[in-house]
Each structure stands twice: as C-alpha cells, then as structure tokens.
Protein chains: 2
Amino acid sequence: MYPKKYEIVKVSVDPVIFTIQQGRIKVLLQRREKEPFKGLPELPGGLLLAHETGEETLQRKLQEIISDGTIFFTQFYTFTQPDRDPRERTVSIGFVALVNEQKIKSWNNWVDTQELTELAFDHLKIIQAARTFLKENSGPSLIRHFLPSYFPLNQLQEVYELLESKKYDNRNFRKKMISSGLVEETKKIEKEVSHRPAKLFRFV
Amino acid sequence: MYPKKYEIVKVSVDPVIFTIQQGRIKVLLQRREKEPFKGLPELPGGLLLAHETGEETLQRKLQEIISDGTIFFTQFYTFTQPDRDPRERTVSIGFVALVNEQKIKSWNNWVDTQELTELAFDHLKIIQAARTFLKENSGPSLIRHFLPSYFPLNQLQEVYELLESKKYDNRNFRKKMISSGLVEETKKIEKEVSHRPAKLFRFV
DNA sequence: CCAAAAGTGTTAGTAGTACACCCATGA
DNA sequence: TCATGGGTGTACTACTAACACTTTTGG
C-alpha cells in the first residue's frame, strides 16, 4: 500500500459574521485585493499562523475587523474540497460569528444574505452552510448574541422569526419566553420612540 | 504587519466509531505501531492524501477497518492545538461514525467508553467531544444507525436511554414512537429467545 | 409452572395554539 | 386626534407523565 503521498496543506479560518439589521440577515464581506478572484467579495478569513489554534486565528482576525474582542463564534464545518483554492491546497475551518448591530460602526461591507452575488473561492457555499447551521441551531444560546444587553421582547421575537423563517403569535411568544425563565424584565424602558415605549428585558 | 509565518500543516481525519453492545457504548481503537505513543491505543485515523476530501479519506479508512462501505458518519469538530502532534503540526478533523453491532465480526479492538485509559495524542479529548456531540444530537436520524433494519421497540428505547443517560417509561415511549410515524411495525418477530418474542419494527 | 421480557389503557397535569382589543407615546 | 407599535386573557387541544398488571414464549 505504501508509499502514499500525504498532502501538505495550508489551513485557513473563514468566519461567516452575521448580524441582523432592519429585519435582514447580513454578513460581513471584504473586497479581495489579490488574484485569484481579485475584486470579488470574500469572507474576511485568514491563514493559520505557527502556534495558533483556529480559534486564536479567528480572534486575531476579528480584532482587525471589528476591534471588539467579545464576539461570539463557533466552529460549524471544515471544508476540504481539494480544488477549493486554485493555487495550492487549503483546508478551511468554517466559523459562524454573531454580532449585534449596535457594535457596528460602518455598514459598508455588510451584505444582505439574500442578495449575494458571485464570491471568491467557495465562499458562497460556506455562507449557505453557515446559514443552515444557524437555522438548525436557533435557540437562546445563539440568538442572544444578535441582541444588545437590554431589548424589547418584540425584538427577540423578530430575531427568532427571521432565523427560522416562520411567524410566532405575539401573546404566546411572550408568555413562553417569560415563563421559560431565560429572560427577565428590567426596570429600563425604551426611549425616543414615537409610540408606546417597550419594557426592556435581558437574558438571565 | 507582514511577513507572517503561515503554518504549513498535515491534516488527519480521526473517526470516533461508536457502537452499542450489551448496553455499553464502545469505540473502535487500534494499537499504535510507531513512535510517538508507540503501543498506546489510538483512533483509527489517517492523513489526507492528495485529491481527497476529508470525507473520502474517512471512507477509505473505514473500508480498511470494517470493509462495509455503508457506514454513517458526520463531521463534528476540527482540532487545531498546535502541539497536538509532537512531531509536526497536524490538524485533525473529527468525525463521528455509527455502526450497529451486527456488522461487527470481531470485538477485539472495541473499548467501553467508560473504561478508557491513556490514549495516544489528544485522542481521549476527541472521544469525549464526540460523546458530547452524540448526546446533544441524539434523535432518530443518528440513533437509527445503531440499530439493525428490524428491531424491537425496547431495543430502540435502550439506545435512547444509553445515549441520553436517562430513563423512559416503557408505555409512553412506545406510544410516542409509534404515533411519531418514524417507525412502523412489520410482520417479522424476534426468534430464538427464551421469553415472549418481540414484534420487530423498522424506520420508515 | 417458572423465569424473563413483551405488551397494553386511563387519568391528570402541563404546554401549545388560536384569537381581538385596549394602551402609551410622539407628532 | 391620529398613527404606531406595545401589551394583555381565555378557551381549546395536544402532548407528556405517572402508574401495574397480563401475555407469550422457552426451559
């Protein structure tokens, strides 16, 4: 059987960074500066350096991009198609990262997931896989990262509805959330809105 | 910022192959033939070859080991600790694979997950992560792979109880399974048992 | 006839679903 | 006073949970 040709590869870390703004799910992309795929949008990933775990590489990349080290992320799949990078073989560890919109300064590079066009490499496929992961794992432990610390219940409902592509009855949703014990009412209320201000809740 | 030292690594695929026998969860290990960790048990993994996806590498390994190409498997996590292989950097893509006991010819290399001793590399950690994955994702789509095509409902219940470490009420469990529409009664019955033979069910 | 595991029904409680109107605020 | 989104209760249905005895087979 031997000898076999063991593949020596580079490893990249590709974060699909999601946020929700104005009822739309958006991802952060950057414009690719080099060939191949020069000029096309790509995920803001990077290669693994010596002595770094994948999680550390990601953390370093997130600092460069968002300069806020407290972003939630989790691995979801590793992409190994031999020809996914035309130059040399690169395995990509896919991460999902979640940011709430208040942490975002500029909306320049955020693209609606429903309006994605041609992307570099297999990044479209990676984003779709990330979106599927998000849908299949929607639950308080992920969803909370889309929201600020204090939020109205209706905003929480909107996030659920978006991620799961379904509607909830407002009264039943509220009852369930409150009785679940995962969220609690606070004394804060919404401000500067031209309608009845909402009570703000937080995760316990 | 540049130049940076991009890490060039090998990629291995490490399957945690589970089965259930005599009410115990077991994993397949092999004895390591080379240094480092010579003589210790290890996962039956292998390195990625040129032109292979991780899934193809795994398929090839499974053929070598079990000679039955119809084994269910799924990725669960990629391990990137820089020093996890003391020789050279190796990233490991962890897979969970599930086999039903009837496909197993020899029980030589199967070890009870509760009796694991010192293993090569970080393979103990990988097995524990796989076990957690299994617990968190227990459901018909995974559990069915532990069972033969035709099985008694009580055996299905045992599998659930083992993986989730909890007990179900026998009557309620049966009602739920049958009314779920995921399993159906067949005309086959258990044979050569010294007690009332069970009706056999199958997944639809 | 004994041992061993298979199989079965009813009731009470809990959780989910459907549904329509009034409330508080700013403009 | 109007427009906008916030906030509430009740009745019905469906699922979950608790619980003990009879049945079928081989030895």
Side-chain angles (χ1 to χ4, degrees), chain A residues 20-24 100-102 138-140 143 146-204, chain B residues 20-24 101-102 138-140 143 146-203:
Chain A
I20 290 176
Q21 188 214 20
Q22 294 174 346
R24 316 249 68 186
N100 95 60
E101 61 167 324
Q102 305 200 345
S138 74
I143 280 181
F146 283 114
L147 296 165
S149 320
Y150 296 88
F151 54 86
L153 277 186
N154 289 352
Q155 194 183 337
L156 181 60
Q157 184 180 344
E158 280 165 31
V159 175
Y160 267 95
E161 290 179 340
L162 253 178
L163 292 181
E164 299 175 359
S165 318
K166 70 178 204 185
K167 293 285 172 192
Y168 286 94
D169 175 272
N170 182 249
R171 278 175 287 193
N172 295 335
F173 182 85
R174 293 169 154 268
K175 264 181 292 181
K176 200 170 93 175
M177 281 302 146
I178 292 166
S179 70
S180 76
L182 291 167
V183 296
E184 63 180 12
E185 196 178 323
T186 68
K187 281 166 191 161
K188 297 180 191 281
I189 55 162
E190 210 179 6
K191 289 203 169 115
E192 295 165 25
V193 286
S194 72
H195 54 77
R196 176 172 175 178
K199 292 176 189 168
L200 299 181
F201 287 71
R202 68 172 165 216
F203 284 97
V204 291
Chain B
I20 290 175
Q21 188 215 20
Q22 295 174 344
R24 316 250 68 185
E101 60 166 325
Q102 304 200 344
S138 73
I143 279 181
F146 283 115
L147 296 165
S149 323
Y150 295 88
F151 54 87
L153 276 187
N154 289 353
Q155 194 183 338
L156 180 60
Q157 183 179 342
E158 280 165 30
V159 174
Y160 268 95
E161 289 179 341
L162 253 178
L163 293 181
E164 300 175 0
S165 319
K166 70 177 203 187
K167 293 287 173 191
Y168 287 94
D169 175 272
N170 183 251
R171 279 174 288 193
N172 294 334
F173 182 85
R174 292 167 155 268
K175 265 180 291 183
K176 200 169 92 174
M177 281 300 146
I178 292 166
S179 71
S180 76
L182 291 167
V183 296
E184 63 180 11
E185 196 178 323
T186 68
K187 281 168 191 161
K188 297 181 192 281
I189 54 163
E190 210 178 6
K191 290 205 168 113
E192 294 165 24
V193 286
S194 73
H195 56 76
R196 176 172 176 178
K199 292 177 189 168
L200 298 182
F201 287 72
R202 68 172 165 217
F203 284 97

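By convention in this document, chain letters (A, B, ...) are assigned in the order of the sequence lines, proteins followed by strands, and residues within each chain are numbered from 1. The basis for the numbers below is simple: all heavy atoms, side chains too, and nothing from hydrogens, waters or symmetry mates.
Without hydrogens or angle criteria, B:Gln157 side chain to B:Tyr168 main chain gives a donor-acceptor distance under 3.5 Å. Listed for the A:Thr186 side chain is a donor-acceptor partner under 3.5 Å among the backbone atoms of A:Leu200. Of the possible polar contacts, one joining the B:Glu190 side chain to the B:Ala198 backbone as a donor-acceptor pair under 3.5 Å is found.
Nucleic acid contact for A:Lys175: base, since at least one base atom lies under 4.0 Å from a heavy atom of the residue.
As rounded to whole Å, 20 Å separates atom P of D:dG7 from atom OH of A:Tyr168. Atoms CZ (B:Phe201) and P (C:dA6) sit 12 Å apart, rounded to a whole Å. A:Ile178 places its CD1 atom 16 Å from the C1' atom of C:dA15, with the value rounded to the nearest Å. For the pair B:Phe151 CZ and C:dG7 C1', the computed distance is 16 Å after rounding to whole Å. The separation between A:His195 atom NE2 and D:dT1 atom P is 22 Å, rounded to whole Å. In this structure, B:Lys188 places its NZ atom 19 Å from P of C:dA6, rounding to the nearest Å. The distance from atom CD of A:Glu190 to atom P of D:dG7 is 8 Å, rounded to the nearest whole Å. Spacing between atom CZ of A:Phe173 and atom P of C:dA15 amounts to 17 Å, rounded to whole angstrom units.
Between A:Asn172 and the phosphate of C:dG16, there is no side-chain N or O to OP1/OP2 separation shorter than 4.0 Å.
Counting heavy atoms from C-beta outward, A:Glu101 and A:Ile20 have side chains that stay 4.5 Å or more apart. Side-chain contact between A:Arg202 and A:Val183 is absent, with no heavy-atom pair separated by less than 4.5 Å. Looking only at side-chain heavy atoms (C-beta outward), A:Gln155 and A:Leu147 come within less than 4.5 Å of each other.
Note: A:Phe151 and A:Phe203 have tilted aromatic rings, judged against thresholds of 30 and 60 degrees for the angle between ring planes.
A:Lys166 and A:Glu161 are not joined by a salt bridge, as no carboxylate oxygen comes within less than 4.0 angstrom of a charged side-chain nitrogen.
Distances from the side chain of A:Ser194 to the nucleotides D:dG7, C:dG26, C:dT25 place C:dG26 closest.
Nearest-nucleotide mapping onto DNA chain D: of B:Glu192 and A:Arg174, the residue sitting toward the 5' end is A:Arg174. When each of A:Val193 and B:Leu153 is assigned the nucleotide of DNA chain C bearing its nearest heavy atom, the one mapping closer to the 5' terminus is B:Leu153. Mapping B:Asp169 and A:Asp169 onto DNA chain C by nearest heavy atom places B:Asp169 closer to the 5' end of the strand.
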Can you check nucleotides 20-22 of chain D for protein contacts, nitrogen or oxygen pairs under 3.5 Å, and list what you find?
| residue | atom | partner | partner atom | Å |
| --- | --- | --- | --- | --- |
| D:dA20 | N1 | B:Arg171 | NH1 | 3.3 |

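Between the axis at the start and the axis at the end of the helix from C:dC1-D:dG27 to C:dA27-D:dT1 there is an angle of 0°, using five pairs per end and rounding to 10 degrees.
In plain terms, the two heavy atoms of B:Pro140 and B:Leu182 that are nearest each other are CG-CD1, 3.5 Å.
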